[in-house]
Amino acid sequence: MTEKEKMLAGKWYLAADPELLSERMNARKLLKQLNDSEPEDIDLRVGIVKNLLGKSGKNVWIEPPFFCDYGYNIEVGDDCFINFNCVFLDVTPIKMGDRVLIAPNVQFYAATHPTSAKERGEMWEFGKPITVGSDVWIGGSSVICPGVTIGDRSIIAAGSVVTKDVPPGVIVGGNPAKFIKEVPSEDQNS
């Protein structure tokens, strides 16, 4: 297996592999174009996002600055909004459903590293996919850790560190994020 194949399979791989370095450089070039674009260059921004992401549904908007490792491991459904200064470490898939709202400074960390200092120093890492359902709202400065799944209609309170799966239709918050309450039904919303 190549280092890229190992990475995509969630196995230990060497991040300093030349193929992976080249692909990260390609993503950085696209990110520079996006992050340096003028606010009124909507067509340019939409085109860059389509080229960067592995899948981009209709009506996807990313507010620059935005940062990721590869881009091609990110799948975003329809009608999604990603606000300023978000980071996606997409060494394995980061997938989102439809109508996902992501506040500023949210971090998605699919990448993780060995606990051995020697192995970390040799640039070994691996990833665990992150999945976000539809109709999810992730509050500002939240961190979504490797391997987490967030269920449909759930809300992540601002500043949360999500280390475990979140079931559908709940509000979680804190560090580590814990259950707060059920999401109110549609007729209870104010």
Side-chain angles (χ1 to χ4, degrees), residues 10 31 34-35 37 39-40 42-43 45-46 48-50 52-112 126-190:
L31 291 167
L34 176 66
N35 294 336
S37 65
E40 63 274 5
I42 293 170
D43 291 339
R45 287 182 174 190
V46 169
I48 293 167
V49 168
K50 291 248 182 237
L52 178 66
L53 303 185
K55 177 186 175 242
S56 177
K58 65 178 173 47
N59 301 318
V60 171
W61 187 258
I62 297 177
E63 277 294 345
F66 175 75
F67 306 95
C68 65
D69 279 331
Y70 299 95
Y72 57 70
N73 287 321
I74 301 169
E75 296 184 14
V76 180
D78 295 336
D79 305 311
C80 293
F81 179 79
I82 299 170
N83 215 325
F84 302 107
N85 209 39
C86 289
V87 175
F88 287 55
L89 300 185
D90 63 312
V91 303
T92 55
I94 299 174
K95 296 181 181 180
M96 291 178 204
D98 299 327
R99 298 169 305 281
V100 175
L101 300 176
I102 300 173
N105 301 311
V106 173
Q107 319 294 302
F108 290 85
Y109 297 152
T112 190
F126 71 101
K128 295 180 182 178
I130 294 172
T131 303
V132 178
S134 293
D135 303 300
V136 170
W137 176 21
I138 301 177
S141 297
S142 292
V143 175
I144 313 303
C145 290
V148 166
T149 295
I150 300 172
D152 293 345
R153 302 176 323 282
S154 286
I155 298 170
I156 311 302
S160 296
V161 178
V162 183
T163 61
K164 294 184 165 71
D165 289 352
V166 175
V170 299
I171 300 172
V172 301
N175 181 5
K178 296 190 181 326
F179 174 83
I180 296 173
K181 67 180 184 176
E182 300 282 330
V183 172
S185 66
E186 293 298 317
D187 58 331
Q188 293 175 318
N189 282 330
S190 52

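All residue numbers refer to positions in the sequence shown, counting from 1.
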State, with a plain yes or no, whether a side-chain heavy atom of P64 is found less than 4.5 Å away from one of R45. yes
Heavy-atom distance under 4.5 Å between the side chains of I62 and L52, does that happen here? no
pair P176-V161: side-chain heavy atoms closer than 4.5 Å: no
Flag side-chain contact, heavy atom, 4.5 Å: T163 against C145: yes
How would you list all residue pairs meeting ring pair (Phe, Tyr, Trp, His ring centres under 6.0 Å) that involve residues 134-161, not counting sequence neighbours? none
Ignoring hydrogens and angles, tell me if any N or O in the side chain of S141 forms a donor-acceptor pair with the backbone of A158 under 3.5 Å. no
Should F66 and I48 count as side-chain neighbours, where that means a heavy-atom distance under 4.5 Å? no
Given 3.5 Å as the limit, does a donor-acceptor pair link the side chain of K50 with the main chain of S56, or not? yes
For G71, is there any backbone N or O sitting under 3.5 Å from a side-chain donor or acceptor partner on D90? yes
If you measure from CE on M96 to CD1 on I130, what distance do you get to the nearest 0.5 Å? 8.5 Å
How long is the gap from CD1 on I144 to CZ on F88, to the nearest 0.5 Å? 9.5 Å
4.5 Å side-chain heavy-atom contact, N59 and F81: no
Report yes if some heavy atom in the side chain of F108 is under 4.5 Å from a heavy atom in the side chain of V132; otherwise report no. yes
Set out, in order, the CA-CA distance, both residues' side-chain angles and the distance that settles side chain to side chain contact (heavy atoms under 4.5 Å, CB included) for I42 and W61, then state yes or no. CA-CA 9 Å; I42 293 170; W61 187 258; 3.9 Å; yes
When you measure from the side chain of E75 to the backbone of N73, do you find a donor-acceptor pair of N or O atoms at a distance under 3.5 Å? no
Under the side chain to side chain contact (heavy atoms under 4.5 Å, CB included) rule, what do F67 and L89 come out as? Steps first, then yes or no, please. CA-CA 8 Å; F67 306 95; L89 300 185; over 6 Å; no
Within a 6.0 Å radius of atom NZ on K55, are there more than 12 heavy atoms belonging to other residues, nucleotides or ligands? yes
Is there a donor-acceptor contact under 3.5 Å from the side chain of T112 to the main chain of G127? no
Positive for side-chain hydrogen bond (donor to acceptor under 3.5 Å, both in side chains) with R99, one of D79, D152, D78, D135: D135
Do you know the tightest heavy-atom contact between P146 and A111? CG-O, 3.6 Å
Please check: side-chain N/O of S134 versus main-chain N/O of D98, any donor-acceptor pairing under 3.5 Å? yes
With heavy-atom distances below 4.5 Å as the criterion, would you say the side chains of V100 and V76 are in contact? no
What one should report as the nearest heavy-atom pair of A157 and S142 is O-OG, 3.1 Å
To the closest 0.5 Å, what do you measure between CG (D69) and OH (Y109)? 11.0 Å
Ignoring hydrogens and angles, tell me if any N or O in the side chain of S154 forms a donor-acceptor pair with the backbone of V170 under 3.5 Å. yes
